[in-house]
Q: 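Here it is: the structure, laid out below.
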2 protein chains.
Amino acid sequence: MAATLRDVARVSGFSVTTVSRALNGHSDVNEETRRRIVETARQLNYVPNRVAQQLVTRKANAVGLYSLDRESFLNQFIALMIGGMMDEATNHDFNLMLFSTQRLKTAQEAISQCRQRGLGGVVISGLRTDEPWLDELNQADFPIVLVDVPVQGPRATYVSVNNVLGARRAVDHLVSLGHRTIGMINGHSAAWVSHQRLMGYQEALRAHGLEIRDSYVYEGDFSKESGRRGAEHLLKANPEITALFAASDLMAVGAVEQLQAMGFSVPDHVSVVGFDDQDFAIHVSPQLTTIRQDMYTFGRLAVRELITMINDTAYIPKHVDLPCVLVQRGSTGPVRTMGRC
Amino acid sequence: MAATLRDVARVSGFSVTTVSRALNGHSDVNEETRRRIVETARQLNYVPNRVAQQLVTRKANAVGLYSLDRESFLNQFIALMIGGMMDEATNHDFNLMLFSTQRLKTAQEAISQCRQRGLGGVVISGLRTDEPWLDELNQADFPIVLVDVPVQGPRATYVSVNNVLGARRAVDHLVSLGHRTIGMINGHSAAWVSHQRLMGYQEALRAHGLEIRDSYVYEGDFSKESGRRGAEHLLKANPEITALFAASDLMAVGAVEQLQAMGFSVPDHVSVVGFDDQDFAIHVSPQLTTIRQDMYTFGRLAVRELITMINDTAYIPKHVDLPCVLVQRGSTGPVRTMGRC
DNA sequence: TCCATCATCCGAAACGTTTCGGATCCCAAC
DNA sequence: GTTGGGATCCGAAACGTTTCGGATGATGGA
């Protein structure tokens with residue numbers, strides 16, 4: 001069907017070897033013959049068979065991506081991240097092959113699937129920290145980049161937003177508005193980011209000389225409903241709270257709705273800041289003050305690190321830690337010094 | 001490095017041929033020898049090299065996916081759709097290879113890229129109807145499934161939500177609530193879905209014996225801002241309008257915001273129904289009545305059609321047209337017979 | 001004249017599979 | 001005893017590349 005290297009050789013009158021070397025820009029081929037070979041290749045509409053190339057060079061110019069489940073709450077983020085990965089990969093003339101995390105039983109299985117396909121490396125997203133086989137990963141001999149799950153080895157690393165910093169910025173913002181009693185609605189503890197965000201929250205409180213109370217922290221699960229419950233529980237148990245920091249926009253929106261249902265005005269009575277800056281943050285009322293993660297850049301950096309690893313066997317991968325910024329909108333405001341209601 | 005078929009042959013004492021046939025479940029191999037071969041394969045940790053397999057069988061068990069740009073307004077949909085594609089592909093033991101639509105110049109280029117990789121077919125999403133090379137696609141000799149762009153050929157088809165039906169359902173719903181003067185905020189005309197939704201809107205009006213007026217239709221561009229402008233323009237020009245149908249949730253949200261800013265209550269004064277059922281539809285106030293498209297199923301069906309085409313050369317691909325349903329929420333209500341305000 | 005060097009080209013092996021076309025052996029039927 | 005046929009196995013070619021290790025001929029210097 002499609003023209004092969006042999007066809008080009010036959011038509012142009014040179015050997016397969018010479019045609020290959022001509023087309024690949026090697027130096028030991030006369031400029032005139034190269035010209036003729038390139039010409040007949042064009043005429044025959046020749047395109048190299050990458051599968052055959054891959055078999056002999058053992059380079060796929062492609063990486064794997066495990067993703068797209070266990071993270072419904074981040075759906076739109078995934079799209080942005082994949083977009084960034086795609087662009088970075090395309091810049092390096094790489095392609096992306098998608099796998100489902102669904103049926104994944106062990107880390108070895110993921111690596112093995114990629115090896116079968118001849119892929120150079122893999123980025124895995126959507127893992128939980130309590131995954132039993134996480135430890136295998138850091139000593140794997142196959143380039144791996146994890147997303148939002150800490151791991152470090154000679155051929156493995158991870159990318160993440162600086163969650164500690166993000167949480168600190170959220171609290172800093174609230175403190176700068178005069179808030180002194182700040183509650184937190186956290187995500188579930190199986191997510192690494194939950195620990196980090198709690199840490200940032202506590203660091204910030206400490207830095208401002210504020211007291212850290214366990215009763216000010218509610219453990220949710222990133223869902224809107226848990227944000228609702230968190231707000232209700234925190235404000236009933238601690239009526240002095242004037243601001244809430246939620247570890248996700250979804251929970252923040254739930255909290256706002258619950259507060260409004262309880263008769264509080266946001267931000268007049270209680271300020272709320274979220275985390276993520278998802279689409280809907282600007283569609284709710286009031287618009288959500290939140291911490292923005294740049295998932296596009298995130299994806300780019302993940303793939304960049306991976307490709308660097310692939311191209312340079314000696315390269316020791318570094319942890320990529322992305323800054324995030326506060327986006328100030330309508331859900332936060334100065335504390336009411338007169339007390340509430 | 002990794003064990004090869006030859007290794008298994010050497011260790012087990014059989015020929016490469018027999019090992020291959022044993023492992024692939026062919027009938028002309030003794031059960032006892034098969035057992036021994038499988039055993040040594042397990043011991044050697046043998047996994048078949050799919051690249052080599054692919055080279056000889058010319059089956060990649062993988063399809064391409066062009067996507068992930070030109071459709072920022074549908075970001076989260078893409079994630080759901082890819083999720084569906086992944087699952088369907090995985091069920092057939094297929095993989096998905098991602099490409100960027102960004103640098104795509106011609107249809108031939110897409111097909112050629114996939115061919116190089118040995119892929120069996122491709123699904124392309126995010127095209128515009130005014131793409132100059134759309135016509136090439138329907139007579140391609142390479143299995144193609146388009147998303148939301150009509151094309152039909154021996155090896156090409158498209159999947160789409162039944163936009164006409166969806167729009168009709170939206171209008172039916174409004175009419176059943178007593179509305180008789182219904183405006184529409186449409187998307188830009190470069191999108192095929194815009195034409196379809198307008199058609200459905202008009203069909204429904206006709207079916208209910210209502211007048212079709214051009215002045216009741218505003219052409220937006222799917223953005224929130226254009227929804228805002230649409231609502232303002234339509235209600236200023238036609239104060240008798242009591243309901244709006246927007247061709248996207250984003251425009252619907254914009255319309256609601258604008259209406260509220262103009263002093264109208266939604267749904268007491270004006271009802272609004274959207275299209276898509278995006279995440280944020282339940283986070284806005286009032287929650288959005290809208291037409292839900294099931295993008296997950298959408299992705300599954302796209303890939304199913306493609307794989308059927310790949311596996312059966314004689315199969316004539318069918319247009320897949322997904323039903324969509326009305327989700328009734330707070331943004332629509334009975335018309336106020338007493339007039340507005 | 002001879003030898004070294006250089007530019008240019010090519011044959012053949014290799015990558016790891018699948019599969020075509022036998023080969024071998026054994027047993028039953030004639 | 002011959003034949004036929006089934007069960008079981010294997011050698012070798014093929015898929016479309018890349019690349020190692022030369023081969024060839026021309027050129028220039030000694």
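All chains are named by letter (A, B, ...) in the order of the sequence lines, taking the proteins before the strands, and each is independently numbered beginning at 1. Everything quoted here is computed from the prediction, not taken from an experiment. Hydrogens, waters and symmetry mates play no part in the numbers below; they use all other heavy atoms, side chains included.
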Q: Would you call A/V147 and A/M81 a side-chain contact if the rule is heavy atoms closer than 4.5 Å?
A: yes
Q: If the condition is side-chain hydrogen bond (donor to acceptor under 3.5 Å, both in side chains), which residues does A/D28 pass it with, not counting sequence neighbours?
A: A/R21
Q: Produce the list of close N/O pairs, under 3.5 Å, pairing protein atoms with atoms of nucleotides 20-22 of chain C; give distances to one decimal.
A:
none

Q: Does some side-chain heavy atom of A/L134 sit less than 4.5 Å from a side-chain heavy atom of A/V151?
A: no
Q: Check the distance between D/dT8's C1' and B/E32's CD and give it to me in whole angstrom.
A: 13 Å
Q: Using five pairs at either end of the helix from C/dT1-D/dA30 to C/dC30-D/dG1, determine the angle between the two local helix axes and round it to 10 degrees.
A: 70°
Q: Tell me the interatomic distance from B/I37, atom CD1, to D/dT8, atom C1', rounded to whole angstroms.
A: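 Going from CD1 in B/I37 over to C1' in D/dT8 covers 11 Å.
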Q: Under the side chain to side chain contact (heavy atoms under 4.5 Å, CB included) rule, collect the residues that match up with B/A89, sequence neighbours excluded.
A: B/F94, B/L96, B/V303
Q: Which donor-acceptor pairs under 3.5 Å do the side chains of residues 11-20 of chain B make with protein atoms, sequence neighbours left out?
A:
{"from": "B/S12", "atom 1": "OG", "to": "B/V8", "atom 2": "O", "distance (Å)": "2.8"}
{"from": "B/S12", "atom 1": "OG", "to": "B/A9", "atom 2": "O", "distance (Å)": "3.4"}
{"from": "B/S15", "atom 1": "OG", "to": "B/T17", "atom 2": "N", "distance (Å)": "3.3"}
{"from": "B/S15", "atom 1": "OG", "to": "B/T18", "atom 2": "N", "distance (Å)": "3.1"}
{"from": "B/S15", "atom 1": "OG", "to": "B/T18", "atom 2": "OG1", "distance (Å)": "3.1"}

Q: Show me the side-chain donor-acceptor pairs of residues 50-59 of chain A shorter than 3.5 Å, one per line, residues at least two apart or across chains.
A:
{"from": "A/Q54", "atom 1": "NE2", "to": "A/R117", "atom 2": "O", "distance (Å)": "2.9"}
{"from": "A/T57", "atom 1": "OG1", "to": "A/Q53", "atom 2": "O", "distance (Å)": "2.8"}
{"from": "A/T57", "atom 1": "OG1", "to": "A/K59", "atom 2": "N", "distance (Å)": "3.3"}

Q: With DNA chain D as reference, determine whether A/N24 or B/V19 sits nearer its 5' end, using the nearest nucleotide of each.
A: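 Nearer the 5' end of the strand: B/V19.
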Q: Tabulated below should be each protein N or O lying under 3.5 Å from an N or O of nucleotides 25-27 of chain C; please produce it.
A:
none

Q: For B/H319, give me all partners under ring-ring contact (aromatic ring centres under 6.0 Å, His included), at least two apart in sequence or on another chain.
A: B/Y158
Q: Whole-Å distance between C/dT17 P and B/R50 CZ?
A: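 For the pair B/R50 CZ and C/dT17 P, the rounded distance is 12 Å.
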Q: I need the residues from residues 51-59 of chain B with at least one non-hydrogen atom less than 4.0 Å from DNA chain C; give them sorted by number, or say none.
A: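 Heavy-atom contacts with DNA chain C come from B/A52, B/Q53, B/V56, B/T57.
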Q: Within the structure, does a side-chain N or O atom of B/T18 lie under 4.0 Å from either OP1 or OP2 of D/dC10?
A: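 B/T18 to D/dC10 OP1/OP2: side-chain N or O found under 4.0 Å.
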Q: Would one find a side-chain N or O of B/N49 under 4.0 angstrom from OP1 or OP2 of C/dC15?
A: no
Q: Please list, for nucleotides 4-7 of chain D, all pairs of protein and nucleotide N/O atoms separated by less than 3.5 Å.
A:
none

Q: Can you pull the salt bridge (Lys or Arg N to Asp or Glu O under 4.0 Å) pairs that have at least one residue in residues 34-43 of chain B, sequence neighbours excluded?
A: B/E31-B/R34, B/E32-B/R35, B/E39-B/R42
Q: Determine which pairs satisfy salt bridge (Lys or Arg N to Asp or Glu O under 4.0 Å) with at least one residue from residues 5-15 of chain B, sequence neighbours left out, and list them in order.
A: B/D7-B/R10
